[in-house]
Amino acid sequence: MSLIVQKYGGTSVGDLDRIRNVANRIAMQFAKGDDIVVVVSAMTGETDRLVKLAHKISKQPNQREMDMLLSTGERVTIALLAMTLQDMGLSAQSFTGRQVGILTDDVHSQARIEEIQADRLREALSQKIIPVVAGFQGINRKSDVTTLGRGGSDTTAVALAAALKADLCEIYTDVDGVYTTDPNIVSSARRIDKISYEEMLEMASLGAKVLQTRSVEFAMKYRVPVCVRSSFNDHPGTLVTEEDIEMEQELVSGITYDKNQAKVTLIGVPDRPGIASTIFEAISKENLNVDMIIQNVGQAGLTDLSFTVPQTDAARAETILSSLAKEIGVNKVKITENIAKVSIVGVGMRSHTGVAAKTFTSLAAEGINIMMISTSEIKISCVIESKYTELAVRTLHDAFKLGKDQKAKSETI
Ligand code: ASP
Ligand code: MG
């Protein structure tokens with residue numbers, strides 16, 4: 001007998017028929033004798049609908065009220081799914097984040113889980129009741145509702161799996177698993193059978209939307225095996241797990257892209273100790289996520305500094321930096337929005353050389369200019385003009401022979 005956490009995303013519970021389909025899957029697993037904890041998202045489009053509603057009332061809705069509003073989407077699905085299971089003769093009970101004891105910090109709309117009590121879940125499980133838990137939500141120490149960021153139900157599921165020491169966390173979605181790249185761009189993209197935590201973490205944070213990044217951090221930290229699979233068929237999906245030798249033989253595992261990026265350039269920055277720290281401290285205080293920092297070689301006591309932020313944060317970055325610019329004597333703050341970050345990820349890069357050269361040569365052959373580059377042991381990211389995104393992804397997918405019809409492993413570069 002195993003304990004399995006199953007998370008069903010918005011499309012999997014998008015209407016009543018789909019909720020019934022999910023209930024059948026749960027019933028089948030339960031009949032095998034396993035203990036199951038279910039986590040659900042809001043029905044497809046519901047969270048977006050609520051966001052729009054709020055923005056019709058206010059340009060900048062209060063974040064606390066926003067969390068109160070958005071957390072209702074998941075409440076609808078837990079109740080409907082619990083009722084469906086009950087109608088099928090199973091014992092099921094719905095739980096909000098608060099009832100489960102998901103305690104978070106105070107950062108509304110981007111809260112981090114600090115503690116999970118889960119007493120009520122343990123109690124339910126001991127009585128053979130199937131708990132159906134609202135994803136994406138928790139409470140802070142004042143008992144105010146918080147949410148975990150868009151896509152946060154994944155994190156609820158993996159965090160619960162970690163807290164309950166579950167044997168497996170299944171993430172059910174509308175695709176068969178994690179692909180070598182977005183199949184909407186490259187039709188020959190291949191489903192990956194097995195991927196390491198580290199690679200998945202890079203892929204999620206570099207734009208693969210299949211899992212929320214935070215959920216992969218949890219999985220890696222607590223060593224929770226995660227299986228990403230479809231709720232509409234029986235394909236085995238992709239297992240996110242410990243790295244093994246096989247994975248290292250693969251030169252590149254996946255190509256991701258992120259169009260939600262903007263480049264911030266500070267022109268004429270005084271070139272002296274303490275300036276960079278002042279700039280980035282001001283930015284981190286506002287919870288802005290900075291990436292790919294590049295500083296040019298200084299000339300005549302001045303330098304230029306560029307970095308990327310999520311496009312959704314660009315306006316805020318501009319406001320903060322424009323006022324700071326005056327204080328510390330920066331000449332100009334410039335925001336460039338039509339950029340994209342294309343990345344290649346693979347643990348094989350640790351032990352193979354030439355991956356960077358091949359990446360740059362392939363892009364150059366297509367006339368794609370690289371504006372910024374950043375690397376880690378297992379990834380290379382390039383910032384390019386966003387109109388070249390699809391071409392760059394296709395070119396790199398092909399260059400590293402990741403397609404279905406190509407040789408899966410390319411030992412030589
Ligand atoms: N309903 C939330 C969202 O749409 C959380 C989730 O689906 O994971 O972002
Ligand atoms: Mg999701």
Side-chain angles (χ1 to χ4, degrees), residues 5-15 18-19 22 37-55 61 63 65-81 94-98 100 102 104 107-113 132-139 145-161 169-179 182-184 200-201 203-219 226-232 237-238 240 256 258 260 310 312:
V5 176
Q6 294 190 333
K7 179 256 170 177
Y8 292 93
T11 41
S12 300
V13 292
D15 59 35
R18 289 183 172 184
I19 290 181
V22 163
V37 173
V38 181
V39 175
V40 284
S41 291
M43 293 163 90
T44 339
E46 179 61 9
T47 311
D48 289 338
R49 188 184 73 83
L50 295 169
V51 170
K52 278 200 201 113
L53 208 57
H55 285 281
Q63 296 285 301
E65 306 313 331
M66 203 64 188
D67 279 355
M68 191 64 98
L69 178 69
L70 297 194
S71 67
T72 62
E74 273 71 11
R75 275 194 177 224
V76 173
T77 21
I78 52 171
L80 291 176
L81 179 56
S94 61
F95 293 94
T96 62
R98 180 196 186 115
V100 171
I102 299 181
T104 73
V107 185
H108 283 292
S109 87
Q110 281 295 335
R112 294 182 88 97
I113 297 175
V132 182
V133 180
F136 176 57
Q137 56 179 262
I139 52 165
V145 178
T146 53
T147 63
L148 309 178
R150 297 303 303 269
S153 299
D154 295 339
T155 300
T156 306
V158 180
L160 280 179
C169 180
E170 291 181 318
I171 304 283
Y172 283 96
T173 175
D174 51 3
V175 290
D176 294 344
V178 181
Y179 276 71
D182 183 350
N184 295 316
M200 193 63 238
L201 186 60
M203 285 188 44
S205 68
L206 294 169
K209 294 187 186 71
V210 66
L211 286 174
Q212 198 197 32
T213 308
R214 199 75 58 76
S215 74
V216 189
E217 283 170 7
F218 261 102
V226 174
C227 180
V228 180
R229 53 191 301 196
S230 168
S231 66
F232 300 103
T238 299
V240 188
T256 59
D258 185 355
N260 174 32
T312 34

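For ligands, and for the atoms within them, numbers begin at 1 and follow the listed sequence.
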Visitor: Just which atoms of ligand 1 are under 4.0 Å from any heavy atom in G151?
Guide: 3 (C), 5 (C), 6 (C), 8 (O), 9 (O)
Visitor: Establish, from distance only, whether the side-chain atoms of T146 and D67 form a donor-acceptor pair under 3.5 Å.
Guide: no
Visitor: Determine whether any heavy atom of G10 lies closer than 4.0 Å to an atom of ligand 1.
Guide: no
Visitor: If you measure from atom 1 (N) of ligand 1 to every heavy atom of E74, R150, Q137, which option wins on shortest distance?
Guide: E74
Visitor: Answer yes or no: is there a donor N or O on one side and an acceptor on the other, between the side chain of R18 and the main chain of T11, under 3.5 Å?
Guide: yes
Visitor: Quick one: do S153 and S41 satisfy side chain to side chain donor-acceptor pair (under 3.5 Å)? Show the steps, please.
Guide: CA-CA 6 Å; S153 299; S41 291; 3.3 Å; yes
Visitor: Specify the protein heavy atom at minimum distance from atom 6 (C) of ligand 1: its residue, its atom name, and the distance to 0.1 Å.
Guide: S153 OG, 3.3 Å
Visitor: Can you spot which of Q212, R214, R112 makes a side chain to side chain donor-acceptor pair (under 3.5 Å) with T155?
Guide: Q212
Visitor: Evaluate the salt bridge (Lys or Arg N to Asp or Glu O under 4.0 Å) criterion for residues R150 and D48: first the C-alpha distance (whole Å), next the side-chain angles of each, then the deciding distance (0.1 Å), finally the verdict.
Guide: CA-CA 10 Å; R150 297 303 303 269; D48 289 338; 3.1 Å; yes
Visitor: Below 4.0 Å from any atom of ligand 1, is there a heavy atom belonging to G152?
Guide: yes
Visitor: Return the residue, atom name and 0.1 Å-rounded distance of the protein heavy atom closest to atom 7 (O) of ligand 1.
Guide: S41 OG, 3.1 Å
